[in-house]
Amino acid sequence: QVQLVESGGGSVQAGGSLRLSCVASGLTFSSGTTGWFRQAPGKEREFVAVITWGGGSTVYADSVKGRFTISRDNPKNTVYLQMNSLKPEDTAVYYCAATSQVYVARRESEYDYWGQGTQVTISS
């Protein structure tokens, strides 16, 4: 059974930092792609960042480019999302997702597995 578990969410003030983690069980991240998405209250879930496990290719949403960094730790089967210079508009539930396909997938429909989400709240 595949399970993705996010952690690291919390409440910080604007300008602060958080690091989210996504650990996989029942699935090896040695190949494939992992992405982060977020959903703010009253809004649709949106793409944040993606990384391919083989070559480590990354793509970011324009809204987080230069502030967020996605990375992977193959031995730990973990993907991280380092979030710096956080803004109130970054407040959302953040989800990690995985697929066995190897390309920089940015649409929800391209992912097979999802975590339960972790809340990030940024106060001004």
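These numbers were taken from a predicted model, which means no experiment stands behind them.
The CD atom of Q13 sits 9.0 Å away from atom OG of S124, with the distance rounded to the nearest 0.5 Å. We find the CD-CD distance between E108 and Q39 to be 7.5 Å, quoted to the nearest 0.5 Å.
The shortest distance between side-chain heavy atoms of L18 and F68 does not fall below 4.5 Å. Side-chain contact check for P75 versus D73: some heavy-atom pair is nearer than 4.5 Å.
Taking each heavy atom of Q119 and T121 in turn, the nearest pair found is NE2-OG1, 3.3 Å. Pairing each heavy atom of P88 with each of A14, the nearest pair is CD-CB, 4.1 Å. A pairwise comparison of heavy atoms in R67 and S85 identifies NH1-O, 2.9 Å as the closest pair. Nearest approach of A49 to L81, heavy atoms of both residues: CB-CD1, 4.2 Å. Shown here for Q116 and L4, the closest heavy-atom pair between the two residues is OE1-O, 3.5 Å.
A donor-acceptor pair is defined here as one N or O able to donate and one able to accept, closer than 3.5 Å; such a pair exists between the side chain of T91 and the backbone of I122. Formation of a donor-acceptor pair under 3.5 Å by the N77 side chain with backbone atoms of A24 is found in this model. With hydrogens and angles disregarded, a donor-acceptor distance shorter than 3.5 Å links the side chain of E6 to the backbone of C96. Under a 3.5 Å cut-off, the side chain of T33 and the backbone N or O of Q101 do form a donor-acceptor pair. With hydrogens and angles disregarded, a donor-acceptor distance shorter than 3.5 Å links the side chain of T52 to the backbone of S57.
The side-chain hydrogen bond (donor to acceptor under 3.5 Å, both in side chains) search around D112 returns T99, not counting sequence neighbours. Remark: Y80 pairs with no residue by the ring-ring contact (aromatic ring centres under 6.0 Å, His included) rule, at least two apart or across chains.
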_I51 vs W36, test: side-chain contact (heavy atoms from CB on, under 4.5 Å). Steps then yes/no._
CA-CA 9 Å; I51 188 166; W36 285 97; over 6 Å; no

*Residues N74, W53; criterion side-chain contact (heavy atoms from CB on, under 4.5 Å); working and verdict*: CA-CA 8 Å; N74 292 30; W53 281 78; 3.3 Å; yes

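When hydrophobic side chains of Ile, Leu, Val, Met, Phe, Trp and Tyr are connected at separations under 4.5 Å, V59 ends up clustered with F37, F47, V50, V93, Y95, V104, Y111, W114.
Of the residues listed (R38, M83, R106), the one engaging V48 in a side-chain contact (heavy atoms from CB on, under 4.5 Å) is R38, and it is the only one.
D62 has a carboxylate O that lies under 4.0 Å from a charged side-chain N of K65, or vice versa, which qualifies the two as a salt bridge.
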